[in-house]
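To start, the structure itself, in structure tokens.
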Amino acid sequence: MTGPPPAAILSRWAREQARLKGGVVREDTEEWQKEPSFAGLERVGGVDLSYIKGDDSRACASLVVLSYPGLEVLYEDCRMVAVSAPYVAGFLAFREVPFLVEAVQRLQQEEPSYSALLLTGFGVACHLGVLTDLPCIGVAKNLLQVDGLARDELHREQIRSLQREGDTFPLTGTSGSVLGMALRSCNSSKPLYISVGHRVCLETAVRLVQSCCRYRIPEPIRQADIRSREYIRKQMCSPVKVPSSGPEREEKAEVDD
DNA sequence: GCGACAG
DNA sequence: ATCTTGTCGC
């Protein structure tokens, strides 16, 4: 059951978030990051959680791995999870990251060579990156209004100034620090918001995300999104468990392919 | 106090 | 996140 966020939880999250930020590496650490076309990078992963409409506590967590630069899906892991933490803007990672860490661990167990780089949500990228020590990049479809960032007229004007694919402008907070970058990833007038996750600098992150875009949403995240939604759709059609009188017995519905 | 707020 | 069909355009 997902309840409102008690103040005690929020302050604990704030402390943990501050501690975790100390572990974030904001520079490039991989050899392929120095190459003009990222030569040497062979796999790019994406993660996502899709929720059931009326149910705040059940979701499908997905992790996909794509070839790079071909962007063909090589690996897919979808499974239902019981979400317990509430959604709080600015603290999304505490709700979603535990399931993503598990997915990464399964990946590393099954296909050790596949976990090269992950595209995740904006703030999720730092958490997941530090906890797994994998290179991560944050990608959001909408602007998180924090530290003075707002969808105001200035912001809309800056978006209009993004004329060509690859054009960017920095997201500078009131504190003066650059929190991320807005990127026109394709012909859509709506930009992507890119942030540093772990072990990738912002400039490299923007170039890399751009190179993963067939459409506005980078292919790894788009595939994770599509596949987790499809998994949920199938769940809705599977038989409902009816309470029985006899001894309880776990039955697993077969959901193959 | 009210509204705004990634997913 | 999710509720939702067609539709206009390249």
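Below, read A as the first sequence line, B as the second, and so on, with proteins coming before strands; counting in each chain starts at 1.
Note on A:Phe94: nothing from the nucleic acid sits closer than 4.0 angstrom, heavy atoms only. Within 4.0 Å (heavy atoms only), A:Gly90 reaches at least one base atom of the nucleic acid.
Distance check: A:Tyr68 OH to A:Leu41 CG gives 6.0 Å after rounding to the nearest 0.5 Å.
For the salt bridge (charged side-chain N to carboxylate O under 4.0 Å, His left out) condition, the pairs that include at least one residue of residues 102-118 of chain A, sequence neighbours left out, are A:Asp77-A:Arg106. Screening residues 13-25 of chain A for salt bridge (charged side-chain N to carboxylate O under 4.0 Å, His left out), with sequence neighbours left out, gives A:Arg12-A:Glu16.
Salt-bridge annotation for A:Asp152 and A:Arg156: absent, with no side-chain N of the basic residue lying under 4.0 Å from a carboxylate O of the acidic one. Taking the charged nitrogens against the carboxylate oxygens, A:Arg199 and A:Asp133 do have a contact shorter than 4.0 Å, which makes a salt bridge. Remark: A:Glu76 engages A:Arg227 in a salt bridge, criterion side-chain N to carboxylate O under 4.0 Å.
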Just do the side chain to side chain contact (heavy atoms under 4.5 Å, CB included) check on A:Arg216 and A:Lys141 with the steps written out, would you?
CA-CA 9 Å; A:Arg216 184 175 85 101; A:Lys141 309 175 191 76; 3.6 Å; yes

Applying ring pair (Phe, Tyr, Trp, His ring centres under 6.0 Å) to A:His155 and A:Phe169, what does each step give before you reach the verdict?
CA-CA 10 Å; A:His155 185 69; A:Phe169 66 85; 5.7 Å; yes

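Going from atom CG of A:Asn187 over to atom C1' of C:dC8 covers 16 Å, rounded to whole Å. Across the protein-nucleic acid pair, A:Lys141 atom NZ and B:dA6 atom P stand 11 Å apart, rounded to whole Å. Atoms CD1 (A:Ile226) and P (C:dA1) sit 13 Å apart, rounded to a whole Å. We find that CZ of A:Arg214 is positioned 19 Å from C1' of C:dC10, with the value rounded to whole Å. Atoms CD (A:Glu165) and C1' (C:dC10) sit 14 Å apart, rounded to a whole Å. When rounded to the nearest whole Å, the span between CG of A:Asp48 and C1' of B:dA6 equals 12 Å. Put simply, CG on A:Leu100 is 11 Å from C1' on B:dG7, counting in whole angstrom units. Rounded to a whole Å, the CG atom of A:Leu192 is 15 Å from the P atom of B:dA6.
A heavy atom closer than 4.0 Å to some atom of DNA chain B occurs in A:Gly123, these being the qualifying members of residues 123-134 of chain A.
One N or O on the side chain of A:Ser67 and one on the backbone of A:Leu71 form a donor-acceptor pair closer than 3.5 Å.
When side chains are defined from C-beta on, A:Leu208 counts as touching A:Leu117, because their heavy atoms get closer than 4.5 Å. Annotation: side chain of A:Val83 is in contact with side chain of A:Phe99 (closest heavy-atom distance under 4.5 Å). At a threshold of 4.5 Å between non-hydrogen side-chain atoms, the residues A:Arg222 and A:Tyr215 count as touching. No side-chain heavy atom of A:Thr204 sits under 4.5 Å from any side-chain heavy atom of A:Leu202.
None of A:Val47, A:Leu118, A:Val97 except one satisfies the side-chain contact (heavy atoms from CB on, under 4.5 Å) rule with A:Val104; the exception is A:Leu118.
Looking at DNA chain C, no stem turns up: there is no run of 3 or more consecutive Watson-Crick or G-U wobble pairs with key distances under 3.5 Å.
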Under 3.5 Å between N/O atoms: give me all the protein pairs with nucleotides 2-5 of chain B, atom names plus distance.
from  : atom 1 : to       : atom 2 : distance (Å)
B:dC5 : OP1    : A:Gln145 : OE1    : 3.4
B:dC5 : OP1    : A:Arg151 : NH1    : 3.1

For nucleotides 2-5 of chain C, list the nitrogen or oxygen atoms of the protein found under 3.5 Å from its nitrogen or oxygen atoms, one pair per line.
from  : atom 1 : to       : atom 2 : distance (Å)
C:dT2 : OP2    : A:Arg229 : NH1    : 3.3

